[in-house]
Amino acid sequence: MIILKDILHKVAIKAISGSEEVAVQKIEFDSRKIEANDIFVAIRGSVSDGHDYIQKVIELGAAVVVCDTFPEQFEDGVTYIQVVDTNEALAFMGANYFGNPSKKLKLVGITGTNGKTTIASLLYQLFKKAGFKVGLISTVKILVDDIEYKATHTTPDSITINHYLAEMRDAGVEYCFMEVSSHGIHQKRTEALHFVGGVFTNLSHDHLDYHPTFAEYRDVKKSFFDNLPKNAFVLTNVDDKNGAVMLQNTVANKRSYALKSYADYKAQILENELSGLLLKIEGNEVWVKLIGTFNAYNVLAIYGTAVELGMDSLETLRLLSELESVSGRFQYIVSTTNITAIVDYAHTPDALENVLKTTNDIRTKNEQLITVVGCGGNRDKTKRPIMASIASELSDKVILTSDNPRNEDPDTIIKEMEEGVTAENYKKVLAISDRKQAIKTACQFAQPNDIILIAGKGHETYQEINGVRHDFDDMKIVKEILEQLHK
């Protein structure tokens with residue numbers, strides 16, 4: 001139990017009805033999880049409003065209700081706290097409840113449209129190889145040094161973040177690398193965290209189902225850097241046209257990386273093959289097991305971050321050469337008949353274009369490039385025709401299929417994608433809504449030396465249809481099909 005007033009530090013309070021001396025058990029924002037003596041924080045979400053459940057949580061035993069609008073009547077023995085912003089209040093109360101664990105370790109946030117998972121995951125790998133105890137909060141998983149937990153969101157809620165950061169602190173973790181999504185920033189999930197550094201990767205078309213305009217999406221990302229303290233660093237990709245924007249109002253130490261522009265950290269691609277990249281970083285050559293120009297940027301961001309955190313530059317280069325690629329990020333297999341199947345998470349136009357251009361750069365053009373791609377349901381519809389346009393322009397054959405249709409009709413999604421296919425590319429394109437059948441058809445089309453790209457889901461091991469998650473793993477399925485077809 002903890003006294004309520006001890007976890008209200010920095011919470012912007014408008015009014016209180018009741019006692020701040022009440023002993024509380026835990027903080028919840030999900031009314032279904034409330035137990036006796038809990039604090040309930042009423043969050044206004046896109047699907048439901050926590051304020052509608054205030055009476056219910058009191059019946060379940062909540063001792064404290066945090067809200068932005070007081071209910072019409074108060075119940076005896078319950079403390080009501082009216083705050084300016086319940087998302088922000090949840091962030092500060094969550095941090096205070098767990099003893100502000102982010103202040104006890106070196107937390108680095110990585111944000112941008114593409115590259116967050118790769119950079120955060122490989123920084124975790126690199127610092128582990130260097131002998132440190134390390135934490136990771138990513139789309140793929142949460143790691144408390146060697147203990148792995150399943151991730152459900154790119155940036156978890158404030159309570160979950162602080163719970164795992166507290167575990168890291170208690171386990172003696174020194175560094176933690178965290179993906180920071182635009183949703184997480186906008187919903188104030190990172191508001192009360194103490195970052196020693198922030199990394200900007202790039203910005204392209206994504207999440208316009210959530211953010212009404214691209215400008216708002218950009219400005220939400222920028223606000224993460226605006227709020228970093230003076231003793232933190234910002235490392236930004238200045239080859240991206242929004243890279244300099246991220247530095248405009250930050251008081252943190254400004255650092256940059258680039259392949260083309262003048263920057264603090266520079267790299268040059270010497271070789272780009274299916275087996276990896278040969279890079280020259282600040283005059284030193286290093287071979288890495290990652291593929292493509294987009295990964296050259298990721299490697300440079302990792303290098304710059306490690307050096308900013310005090311790691312020796314030559315030791316960092318040595319460790320870079322040992323890093324293994326992240327699950328579902330340009331992950332590939334080669335069949336017994338020499339068909340290459342690539343699985344990648346590319347689910348934005350920019351990411352898909354990067355992966356296709358990378359694949360075209362390393363192929364001989366004597367083989368077919370067959371792309372299987374879909375778009376998620378209940379998400380930004382404007383990118384659907386763009387994704388199909390890019391796929392049909394940069395591939396020899398394209399199969400449009402389901403991604404995670406969620407509550408939409410897969411065929412409707414595919415029809416909206418088809419609108420982006422030009423007349424000259426139309427003969428290349430086939431529509432198969434069943435994703436497994438689409439992958440099988442691509443494998444049947446493929447001849448020895450051909451390349452199959454399966455884009456959109458990457459590391460995901462499920463397909464979400466009408467609210468139900470079904471087992472589905474692109475890499476596992478393509479392996480099985482290729483083995484069956486070419487025995």
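- Looking at H194 and N100, their side chains never come closer than 4.5 Å, going by heavy atoms from C-beta outward.
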TODO: Start with the C-alpha gap between V180 and I110, add the side-chain angles, then the distance that decides, and say whether side chain to side chain contact (heavy atoms under 4.5 Å, CB included) holds.
DONE: CA-CA 6 Å; V180 178; I110 298 100; over 6 Å; no
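- Note on R189 versus D157: no salt bridge recorded, every NZ/NE/NH1/NH2 to OD/OE distance being 4.0 Å or above.
- Here the side chains of V196 and V108 are in contact, with some heavy-atom distance below 4.5 Å.
- Between F200 and D240, the closest side-chain pair of non-hydrogen atoms falls below 4.5 Å.
- Contact between G376 and D403 at its shortest, heavy atoms only, is N-CB, 3.8 Å.
- Between E367 and K365 there is no salt bridge, since no side-chain N of the basic residue sits under 4.0 Å from a carboxylate O of the acidic one.
- Atom CG of D471 sits in a sparse spot, with 12 or fewer heavy atoms from other residues, nucleotides or ligands closer than 6.0 Å.
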Task: Verdict with reasoning, E464 to R469, per salt bridge (Lys or Arg N to Asp or Glu O under 4.0 Å) - done: CA-CA 4 Å; E464 190 175 331; R469 287 191 171 189; 3.7 Å; yes
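- The backbone N or O of N378 sits less than 3.5 Å from a side-chain atom of E408, completing a donor-acceptor pair.
- Side-chain atoms of K457 do not come within 3.5 Å of backbone N or O of H347 as any donor-acceptor pair.
- Using the six-membered ring where Trp is involved, H163 and F98 have ring planes that are perpendicular, over 60° apart on the 30 and 60° scheme.
- F29 and F40 have their aromatic ring centers separated by at least 6.0 angstrom.
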TODO: Could you walk me through whether K221 and D226 pass salt bridge (Lys or Arg N to Asp or Glu O under 4.0 Å), step by step?
DONE: CA-CA 9 Å; K221 294 280 191 190; D226 292 349; over 6 Å; no
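- Comment: K479 does not engage E483 in a salt bridge, judged by the lack of any side-chain N to carboxylate O separation of less than 4.0 angstrom.
- Between V41 and I27 the shortest side-chain heavy-atom distance falls below 4.5 Å.
- Rounded to the nearest 0.5 angstrom, I342 CD1 and I454 CD1 are separated by 9.5 Å.
- Scanning for ring-ring contact (aromatic ring centres under 6.0 Å, His included) contacts around F445 gives an empty result, with sequence neighbours left out.
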Task: T113 vs Y217, side-chain hydrogen bond (donor to acceptor under 3.5 Å, both in side chains): CA-CA, chis, key distance, verdict - done: CA-CA 10 Å; T113 305; Y217 175 51; 2.9 Å; yes
TODO: Check step by step if side chain to side chain contact (heavy atoms under 4.5 Å, CB included) holds for K289 and E324.
DONE: CA-CA 6 Å; K289 300 171 192 173; E324 300 289 342; 2.8 Å; yes
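- Under the side-chain contact (heavy atoms from CB on, under 4.5 Å) test applied with I339, the options L485, V334, V478, I452 reduce to a single match, I452.
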TODO: Check step by step if side chain to side chain contact (heavy atoms under 4.5 Å, CB included) holds for I439 and D474.
DONE: CA-CA 8 Å; I439 294 170; D474 282 351; 3.8 Å; yes
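- Classification of the Y345-H459 ring pair by plane angle, with boundaries at 30° and 60°, yields tilted.
- Using modelled atom types, one finds no donor on one side chain facing an acceptor on the other under 3.5 Å when comparing R44 with T86.
- In summary, the side chains of T358 and D361 do not present any donor paired with an acceptor at a separation below 3.5 Å, with no hydrogens or angles considered.
- Within the 4.5 Å cutoff, the side chain of L165 has heavy atoms near those of the L105 side chain.
- For N298 against G115, the heavy-atom pair with the smallest separation is OD1-CA, 3.8 Å.
- For the pair D434 (side chain) and Q437 (backbone), a donor-acceptor distance under 3.5 Å is present.
- Atom NZ of K436 is surrounded by 12 or fewer heavy atoms from other residues, nucleotides or ligands within 6.0 Å.
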Open item on the list: Show, in sequence, the C-alpha distance, side-chain angles and deciding distance for D350 and T348, and conclude whether the side-chain hydrogen bond (donor to acceptor under 3.5 Å, both in side chains) test is met.
Closed with: CA-CA 5 Å; D350 190 53; T348 66; 5.6 Å; no
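- Using modelled atom types and a 3.5 Å distance limit, the side chains of D344 and Q331 yield no donor-acceptor pair.
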TODO: Assess whether side-chain hydrogen bond (donor to acceptor under 3.5 Å, both in side chains) is satisfied between E179 and T117, documenting all intermediate values.
DONE: CA-CA 7 Å; E179 287 187 55; T117 302; 2.7 Å; yes
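- Between M178 and L107 the shortest side-chain heavy-atom distance falls below 4.5 Å.
- Surrounding NZ of K26 are more than 12 heavy atoms belonging to other residues, nucleotides or ligands, all under 6.0 Å away.
- A donor-acceptor contact shorter than 3.5 Å links the side chain of T236 to the backbone of G243.
- Residues W287 and L320 form no side-chain contact, since every pair of their non-hydrogen atoms from C-beta on lies 4.5 Å or further apart.
- Here the OG1 atom belonging to T139 is positioned 9.5 Å from the CD atom belonging to E460, to the nearest 0.5 angstrom.
- Residues L235 and A301 share a closest heavy-atom pair of CD2-O, 3.5 Å.
- Listed by chain and residue number, K357, I390, L394 satisfy the side-chain contact (heavy atoms from CB on, under 4.5 Å) test with E353 (two or more places apart in sequence, or in another chain).
- The two atoms that bring L274 and Y332 nearest to each other are O-OH, 3.1 Å, heavy atoms only.
- To the nearest 0.5 Å, the span separating SG on C443 from CG on L482 amounts to 4.0 Å.
- Annotation: E167, atom CD; neighbour count of heavy atoms from other residues, nucleotides and ligands within 6.0 Å is above 12.
- Ring geometry for Y175 versus F177: interplanar angle under 30°, hence parallel rather than tilted (30 to 60°).
- Rounding to the nearest 0.5 Å gives a distance of 7.0 Å between CZ of F224 and OG1 of T111.
- Between L400 and V429 there is a side-chain heavy-atom pair separated by less than 4.5 Å.
- Applying the side chain to side chain donor-acceptor pair (under 3.5 Å) criterion to S158, with sequence neighbours excluded, gives no partner residue.
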- [ ] Check the pair L126 / L323 against side chain to side chain contact (heavy atoms under 4.5 Å, CB included), numbers first and verdict last.
- [x] CA-CA 7 Å; L126 189 144; L323 300 181; 4.1 Å; yes
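- With 3.5 Å as the limit, one finds no donor-acceptor pair spanning the side chains of D396 and Q368.
- Atom NZ of K440 is surrounded by 12 or fewer heavy atoms from other residues, nucleotides or ligands within 6.0 Å.
- With rounding to the nearest 0.5 Å, the separation of CE in M417 from OG in S389 is 10.5 Å.
- Side-chain contact annotation: N202 with N237, donor-acceptor N/O pair under 3.5 Å absent.
- Rounding to the nearest 0.5 angstrom, the gap separating the CG atom in L319 from the NZ atom in K128 is 13.5 Å.
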